[in-house]
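Take a look at the structure set out below.
Just so it is clear, the values below take in all heavy atoms, side chains as well, and ignore hydrogens, waters and symmetry mates. Read the numbers this way: they start at 1 and go in the same order the structure lists the ligands and their atoms.
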Amino acid sequence: MKRAELEPILAVMRACAREAGALVLGGFRKRHVIEHKSAAELVTRFDRESEALLRERLSASFAFDIVGEEGGGDFRRDRPAFFVDPIDGTTNFVHGHPFWCVSIGLVIDGEPALGVVFAPALGQEWYAFVGDDAREARRRMHAAWRPEGETDEPIAVSTTAELEHSLLATGFPYDRRKSPDNNFDAFVAIKKRCQAVRRCGSAALDLCLVADGTYEGYWERKLRPWDIAAGIAIVRAAGGTVTELEPTPEGPIASGHLVATNGLIHDALLHELAHAPALSIAPPG
Ligand code: IPD
Ligand code: CA
Ligand code: CA
């Protein structure tokens, strides 16, 4: 799709993310009823209410499929679909840590085309489009932005080319207590090779911080499409590179094993991860 077709969709997505973000912010640092999906994975009524709002607002404007963390949904590569994470970073939200967001991605032909990530407790938003003419738009006027006060600043990935000078981010899967495929060994190996590694608890925000040049790179395994659809669009539109840890026919959205960087450190990070002990590529779940 061309930018002219994507822009009005992006505008609605941004409005929806802001509305859902305001709803969730109303429950931040308040008493919630918490449920456990598993020993490590939490959910609250704000996850459900935020997703219900997103589904209602998006379906009122578009006929696209909607796939969300709490309500599910089927993804067909031949049909455009919104991927919504009503709160990415629920553990943070529950504990009063401000690093959480609402994430909405539009995937067309299996590739992220639009992304909006709104983090109300941080007062930050990132958005981007990756349309057919995005490369040209980036050359002329950028394709990814982060509002700062009254203006929307174009964002771009960092220009650091050495892994040893890189600030990286990662995360660990919810089954980490039981599964040996938990990223612990890779984390230790990479931590010895770079400036530092952060683990802040929201995959969508980690990707945005690669896009705006805060982090040089990010990797994580066993992610789900709603964690990453928006963030992948934002990284790519800001000039970054997103691939799988090891290529599969389905690509990163479906496999959930992701490496996102400024492009300059991509091969070096992939190399270190491939040689880290105990790195095995297992399906998400
Ligand atoms: C989680 C966050 C976290 C990542 C997990 C995700 P949720 O999403 O993105 O950073 O490590 O794999 O599931 O559960 O807070 O929506
Ligand atoms: Ca998530
Ligand atoms: Ca979530």
Side-chain angles (χ1 to χ4, degrees), residues 17 20-21 23-25 27-28 32 34-55 66-73 82-105 112 115-122 126 168-179 181-184 186-187 190 197-210 215 217-232 234-235 242 245 252-260 282-285:
L23 183 155
V24 179
L25 189 62
F28 186 52
H32 332 275
I34 300 164
E35 294 163 43
H36 284 260
K37 288 185 182 175
S38 67
E41 190 169 7
L42 308 173
V43 68
T44 69
R45 76 175 170 88
F46 291 94
D47 296 82
R48 296 203 181 88
E49 288 175 13
S50 172
E51 184 160 325
L53 184 151
L54 291 171
R55 285 177 180 274
I66 301 176
V67 183
E69 175 163 16
E70 310 308 333
F82 289 115
F83 284 93
V84 301
D85 197 336
I87 305 177
D88 187 55
T90 296
T91 305
N92 286 341
F93 172 72
V94 163
H95 287 268
H97 187 307
F99 203 82
W100 54 269
C101 62
V102 176
S103 176
I104 309 174
V116 175
V117 171
F118 179 50
L122 300 175
W126 296 258
L168 305 177
T170 192
F172 304 97
Y174 282 119
D175 65 1
R176 64 188 176 272
R177 298 181 189 185
K178 292 187 183 147
S179 169
D181 194 22
N182 57 16
N183 197 31
F184 290 176
F187 170 76
I190 301 299
V197 183
R198 300 289 177 250
R199 191 287 186 256
C200 291
S202 163
L205 284 172
D206 288 332
L207 286 163
C208 291
L209 293 176
V210 173
Y215 297 147
Y218 160 71
W219 84 94
E220 189 164 344
R221 296 147 66 202
K222 302 185 184 177
L223 294 164
R224 307 307 305 270
W226 44 79
D227 298 320
I228 55 181
I232 291 175
I234 296 168
V235 172
V242 182
L245 282 155
I253 291 245
S255 84
H257 304 303
L258 201 72
V259 182

Enumerated ligand 1 atoms positioned under 4.0 Å from heavy atoms of [X]:
X      : value
Ala203 : 2 (C), 9 (O), 10 (O)
Phe172 : 11 (O)
Asp88  : 1 (C), 2 (C), 7 (P), 8 (O), 9 (O), 15 (O), 16 (O)
Tyr174 : 1 (C), 7 (P), 13 (O), 14 (O), 15 (O)
Arg199 : 10 (O), 11 (O)
Leu223 : 12 (O)

Worksheet entry | Reference residue Phe28; test ring-ring contact (aromatic ring centres under 6.0 Å, His included); the match among Phe99, Phe46, Trp100 |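 By the ring-ring contact (aromatic ring centres under 6.0 Å, His included) criterion, Phe28 pairs with just one of Phe99, Phe46, Trp100: Trp100.
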Worksheet item: Nearest protein heavy-atom contact for atom 12 (O) of ligand 1: which residue, which atom, what distance?
Response: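 Of every protein heavy atom, Glu220 OE2, 3.1 Å lies nearest to atom 12 (O) of ligand 1.
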Discussion item. Under 3.0 Å from the Ca ion (ligand 3) - does any N, O or S atom of Pro86 fall there?
Written reply: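 So Pro86 does not count as coordinating the Ca ion (ligand 3).
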Worksheet item: Backbone or side chain, does Glu69 get an N/O/S atom under 3.0 Å to the Ca ion (ligand 3)?
Response: yes
Worksheet item: Is the Ca ion (ligand 2) less than 3.0 Å from an N/O/S atom of Asp85, whether that atom is in the backbone or a side chain?
Response: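 It does: Asp85 brings an N, O or S atom closer than 3.0 Å to the Ca ion (ligand 2).
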Worksheet item: Should Glu70 and Lys37 count as an ion pair when the cut-off is N to O under 4.0 Å?
Response: yes
May I ask you to check whether [X] has an N/O atom sitting below 3.5 Å from an N/O atom of ligand 1?
X      : answer
Asp85  : yes
Gly201 : yes
Gly89  : yes

Worksheet item: Any luck finding a side-chain donor-acceptor pair between Asn183 and Thr170 under 3.5 Å?
Response: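 There is such a pair between these side chains.
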